[in-house]
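The structure appears below as structure tokens.
Keep in mind that this is a model prediction, so the values were computed, not measured. FYI, side chains are in, hydrogens and waters are out, and symmetry mates aren't considered; it's all heavy atoms of this structure.
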Amino acid sequence: MFFKLFFTYVVLGIVQVFVLNRISLLGCATPFLYIYFILPFRRNYPKWIIILCGFIMGLSMDIFTNTPGVAAASSTLLAFIQPFILNLFVQKDSADDMMPTIKVLGLRRYISYSLICVFIYCLIFYSIETFNFFNWQQWLLDIAGSTILTALLIIVIENVRKR
């Protein structure tokens, strides 16, 4: 499990730093694919491990993308609330070690789960990065564009990965 987690961490980090950070569709949509690292943690996984992994991933992105603390704070918060969001979409009688995938949750519930997680991440990220609401239209466009683009990438990767 550790090696798979570490491999995912490295691959998502490299793709984010060298490819995705250079993408800005219409000046308002940047994909944050590295948060896919936080989404597949199993139900009832130790919360401190999820939070620590989220913080380490965010800190790594901050170091390589010159966003001092923004990604770390956003990733840590997402890692903290991920188990609670997952419980909204999981049936009470499902296994404790259930991993949230399209195959397990179903397409509609997985899309909802990932969309909520990505939206919360983008909301926190752009709120901290902007730190003012003078240009609230751009702030809303950044959140909406990045949420949609990131969620689409996550769903495509999840579809390809599980085939």
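Remark: Thr101 OG1 to Leu107 CG distance equals 11.5 Å, nearest 0.5 Å. In this structure, CD1 on Ile116 lies 15.0 Å from CZ on Phe84, to the nearest 0.5 angstrom. Within the model, atoms OG of Ser127 and CD1 of Ile143 stand 5.0 Å from one another, a figure rounded to the nearest 0.5 Å. For the atom pair CG of Leu12 and CD1 of Ile14, the computed distance is 10.0 Å after rounding to the nearest 0.5 Å. Within the model, atoms CG of Leu123 and CD1 of Ile128 stand 9.5 Å from one another, a figure rounded to the nearest 0.5 Å. In this structure, CG on Asn135 lies 9.5 Å from CG on Leu140, to the nearest 0.5 angstrom.
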Check the pair Asp142 / Cys122 against side-chain contact (heavy atoms from CB on, under 4.5 Å), numbers first and verdict last.
CA-CA 8 Å; Asp142 289 344; Cys122 291; over 6 Å; no
Run the side-chain contact (heavy atoms from CB on, under 4.5 Å) test on Ile154 and Leu115 for me, step by step, so that the C-alpha distance in whole Å, both residues' side-chain angles and the decisive distance to 0.1 Å come before the verdict.
CA-CA 9 Å; Ile154 287 173; Leu115 197 58; over 6 Å; no
For Met57 and Tyr36, run side-chain contact (heavy atoms from CB on, under 4.5 Å): C-alpha distance rounded to whole Å, both residues' side-chain angles, the deciding distance at 0.1 Å, then the answer.
CA-CA 10 Å; Met57 178 55 100; Tyr36 179 66; over 6 Å; no
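Side chains of Ile35 and Cys117 form no contact here, defined as non-hydrogen atoms less than 4.5 Å apart. No side-chain heavy atom of Ile38 sits less than 4.5 Å from a side-chain heavy atom of Cys53. A 4.5 Å side-chain heavy-atom check between Leu78 and Ile124 finds every atom pair outside the cut-off.
What you find for Pro83 and Ala79 is that their closest heavy atoms are CD-O, 3.5 Å. Ala72 and Leu59 get closest at one heavy-atom pair: CB-N, 3.8 Å. The heavy-atom pair separating Ala71 from Met61 by the smallest distance is CB-CB, 4.0 Å. Nearest approach of Ile102 to Ile155, heavy atoms of both residues: CD1-O, 4.2 Å. Contact between Met98 and Leu86 at its shortest, heavy atoms only, is CE-CD1, 4.3 Å. For the residue pair Val118 and Ala151, the shortest heavy atom distance occurs at CG1-N, 4.2 Å.
Screening residues 104-116 for side-chain hydrogen bond (donor to acceptor under 3.5 Å, both in side chains), with sequence neighbours left out, gives Gln82-Tyr113. Applying the side-chain hydrogen bond (donor to acceptor under 3.5 Å, both in side chains) definition to pairs two or more places apart or across chains, those involving residues 55-71 are Tyr9-Ser60, Asp62-Thr67, Thr65-Thr67. Legend: side-chain hydrogen bond (donor to acceptor under 3.5 Å, both in side chains) pairs involving residues 146-155, not counting sequence neighbours, sorted by first then second residue: Tyr126-Ser146.
Qualifying side chain to side chain contact (heavy atoms under 4.5 Å, CB included) partners for Ala29, counting only residues two or more places apart in sequence or in other chains: Leu25, Leu149. By the side chain to side chain contact (heavy atoms under 4.5 Å, CB included) test, Val19 is found to be paired with no residue, residues two or more places apart in sequence or in another chain being considered.
Hydrophobic clustering (side-chain heavy atoms under 4.5 Å, transitive across Ile, Leu, Val, Met, Phe, Trp, Tyr) groups Leu153 together with Phe32. Under the 4.5 Å side-chain heavy-atom criterion for Ile, Leu, Val, Met, Phe, Trp and Tyr, Ile81 and Leu88 are members of the same hydrophobic cluster.
Through chains of ILVMFWY side-chain contacts below 4.5 Å, Leu152 is grouped with Ile148.
The number of heavy-atom neighbours closer than 6.0 Å to CZ of Phe89, taken from other residues, nucleotides and ligands shown, is above 12.
Tyr34 and Tyr121 have perpendicular rings, their planes meeting at more than 60° on a 0 to 90° scale where under 30° would count as parallel. Taking the six-membered ring where the residue is Trp, Phe41 and Tyr45 present tilted rings, their angle falling between 30° and 60°.
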